[in-house]
Amino acid sequence: MSVKAKKHLGQHFLKDELIAQQIADSLTEKRYKNVLEIGPGMGVLTKYLLKKPLKTHVIEIDTESVEYLQAHYLNLADRIISKDFLKINIEDYFAKEQVAIIGNFPYNISTQIVFKTLENRHQIPEFSGMFQKEVAQRIAEKEGSKVYGILSVLTQAFYNVEYLFTVPPTVFNPPPKVDSGVIRLIRKENYNLPVDEKLFFKVVKTAFQQRRKTLRNSLKTLNLSDSLREDSIFGQRPEQLSVQEFINLTSKIEKDVN
């Protein structure tokens, strides 16, 4: 019995054992005892996680994959969550415990998985997984690059991001049309912002929605004072600002608005 990849779920099953092991081994295994694999499929990555001194849990929306895992991974049976990761409350399954996230993520929901991780960062000290290569690069990219954007800034505000390696289409069944990339996020020691978080998210998103314009133009909708808009930072475009500079900008806006 094997599971057929379903296009509507964005499934591309990894078939390369070495790469599966490399992804499993990208976990540092520090500061947590639980790991949650998203979209395990037929368990090529799962089996390497089960060899680690961690409590492995998997979450899978595809009922055919769930049946396969229940039949082939008996020691995992009570830790298979047959749900949509984007819709669960993590505390319902892990209470207040820390849990690492890992997976060969479906391309169509990979950025949503990152945003859900950011929302639950108090509980997720580490995150390691496979994305479409350009998405992985975008998350890891630094300022000054054309691919640096909302995802880069918001992720790097709370996590240290490392691009680990590139994976060719040939190691999947069915093969996707693009390369994939594996990245690791390790939560920063201090993962609370010194500014209003909602405002920070709003500033970053508003700035990048018109990324070719200077901040003076792209942030017009925030109704900032003329004196603040004369600050030299507003003469720059969003891709020129580091994460710290976005935090500093938010701080200036916070004082200006209040």
Side-chain angles (χ1 to χ4, degrees), residues 5-28 35-46 48-49 58-62 65 85-86 100-118 121 124 126-187 204-205 208-209 211-212 238-240 242-243:
K6 295 162 192 68
K7 200 172 182 180
H8 72 281
L9 293 176
Q11 289 175 330
H12 294 278
F13 294 130
L14 182 63
K15 58 183 185 180
D16 188 301
E17 298 288 337
L18 185 62
I19 289 170
Q21 182 155 19
Q22 281 180 301
I23 296 171
D25 288 347
S26 69
L27 292 174
T28 66
V35 59
L36 175 63
E37 182 189 355
I38 298 173
M42 289 180 281
V44 65
L45 172 58
T46 317
Y48 293 105
L49 295 174
V58 299
I59 184 161
E60 177 59 75
I61 197 171
D62 177 25
S65 292
F85 173 72
L86 298 177
I101 300 289
I102 197 167
N104 166 27
F105 305 125
Y107 288 166
N108 53 354
I109 60 162
S110 62
T111 53
Q112 291 164 272
I113 290 170
V114 174
F115 282 122
K116 173 136 183 157
T117 297
L118 299 184
R121 65 184 182 277
I124 302 172
E126 196 168 294
F127 174 109
S128 193
M130 181 140 55
F131 293 80
Q132 188 171 330
K133 186 184 178 184
E134 64 174 47
V135 176
Q137 287 175 320
R138 199 181 307 149
I139 296 167
E141 196 56 88
K142 295 295 183 196
E143 69 274 11
S145 157
K146 284 195 171 88
V147 298
Y148 177 75
I150 295 171
L151 206 53
S152 327
V153 177
L154 298 184
T155 307
Q156 291 171 37
F158 308 111
Y159 288 87
N160 292 313
V161 184
E162 200 179 343
Y163 186 97
L164 299 177
F165 55 92
T166 300
V167 180
T170 49
V171 301
F172 296 95
N173 182 25
K177 293 186 170 71
V178 291
D179 283 346
S180 300
V182 176
I183 57 168
R184 177 174 59 211
L185 316 182
I186 296 178
R187 190 176 62 198
V204 173
K205 287 178 177 176
F208 278 106
Q209 273 161 4
R211 64 181 298 140
R212 290 188 181 154
E239 68 202 42
Q240 295 175 283
S242 68
V243 174

*Carefully, step by step, assess Phe85 and Ile109 under the rule side chain to side chain contact (heavy atoms under 4.5 Å, CB included).*
CA-CA 10 Å; Phe85 173 72; Ile109 60 162; over 6 Å; no
_Asn160 and Glu162, any side-chain heavy atoms less than 4.5 Å apart_ = no
*With side chain to side chain contact (heavy atoms under 4.5 Å, CB included) as the test, would you mind laying out the steps for Phe165 and Ile19 before giving the verdict?*
CA-CA 10 Å; Phe165 55 92; Ile19 289 170; 4.2 Å; yes
*How many angstroms lie between atom CG of Leu164 and atom CG of Asp25, to the nearest 0.5 angstrom?*
11.5 Å
*Which atom names give the shortest non-hydrogen contact between Ser128 and Ile23, and what distance separates them?*
OG-O, 4.2 Å
*CG/Asn173 to CG/Asp16 distance, rounded to the nearest 0.5 angstrom?*
12.5 Å
*Where do Glu37 and Gly103 come nearest, in terms of heavy atoms and distance?*
CG-CA, 4.3 Å
*How are the rings of Tyr148 and Phe208 set relative to one another: parallel (under 30°), tilted (30 to 60°) or perpendicular (over 60°)?*
perpendicular
*asked:* Would you say that Leu154 contacts Val114 through its side chain, given a criterion of any heavy-atom pair below 4.5 Å between the two side chains?
replied: no
*Once you round to the nearest 0.5 Å, how far does CG of Asn104 lie from CE of Met130?*
4.0 Å
*Output yes when a side-chain donor or acceptor of Arg211 lies under 3.5 Å from a complementary backbone atom of Lys146, and no otherwise.*
yes
*Are Lys116 and Phe105 in a cation-pi contact, defined as NZ or CZ under 6.0 Å from the six-membered ring centre and within 45° of the axis?*
no
_Over all atoms of both residues, closest heavy-atom pair of Gln156 and Lys142_ = OE1-NZ, 3.3 Å
*Identify which one of Ile139, Thr117, Ile186 satisfies the side chain to side chain contact (heavy atoms under 4.5 Å, CB included) criterion when paired with Tyr159.*
Thr117
_Expected output: side-chain Arg121 to main-chain Phe158 donor-acceptor under 3.5 Å_ = no
_Lys177 NZ to Gln132 CD distance, which is reported to the nearest 0.5 Å_ = 11.5 Å
*CD1/Ile61 to CD1/Ile38 distance, rounded to the nearest 0.5 angstrom?*
11.5 Å
*Step by step, work out the side chain to side chain contact (heavy atoms under 4.5 Å, CB included) result for Ile124 and Leu36.*
CA-CA 10 Å; Ile124 302 172; Leu36 175 63; over 6 Å; no
*Could you please spell out the steps behind the side chain to side chain donor-acceptor pair (under 3.5 Å) verdict for Glu141 and Ser152?*
CA-CA 6 Å; Glu141 196 56 88; Ser152 327; over 6 Å; no
*Indicate the atoms forming the closest heavy-atom contact of Pro176 with Pro169, along with that distance.*
O-CB, 3.3 Å
_Smallest separation among heavy atoms of Val44 and Tyr48, with atom names_ = O-CD1, 3.3 Å
*To the nearest 0.5 angstrom, please state how far the CZ atom of Phe131 sits from the CG atom of Asp179.*
15.5 Å
_Worked check of side chain to side chain contact (heavy atoms under 4.5 Å, CB included) between Glu126 and Leu27_ = CA-CA 8 Å; Glu126 196 168 294; Leu27 292 174; 3.6 Å; yes
*Which pair of non-hydrogen atoms, one from Arg138 and one from Val147, has the smallest distance, and what is that distance?*
CG-O, 2.8 Å
_Closer than 3.5 angstrom, by distance alone: can the side chain of Gln240 be matched with the main-chain N or O of Glu143 as a donor-acceptor pair?_
no
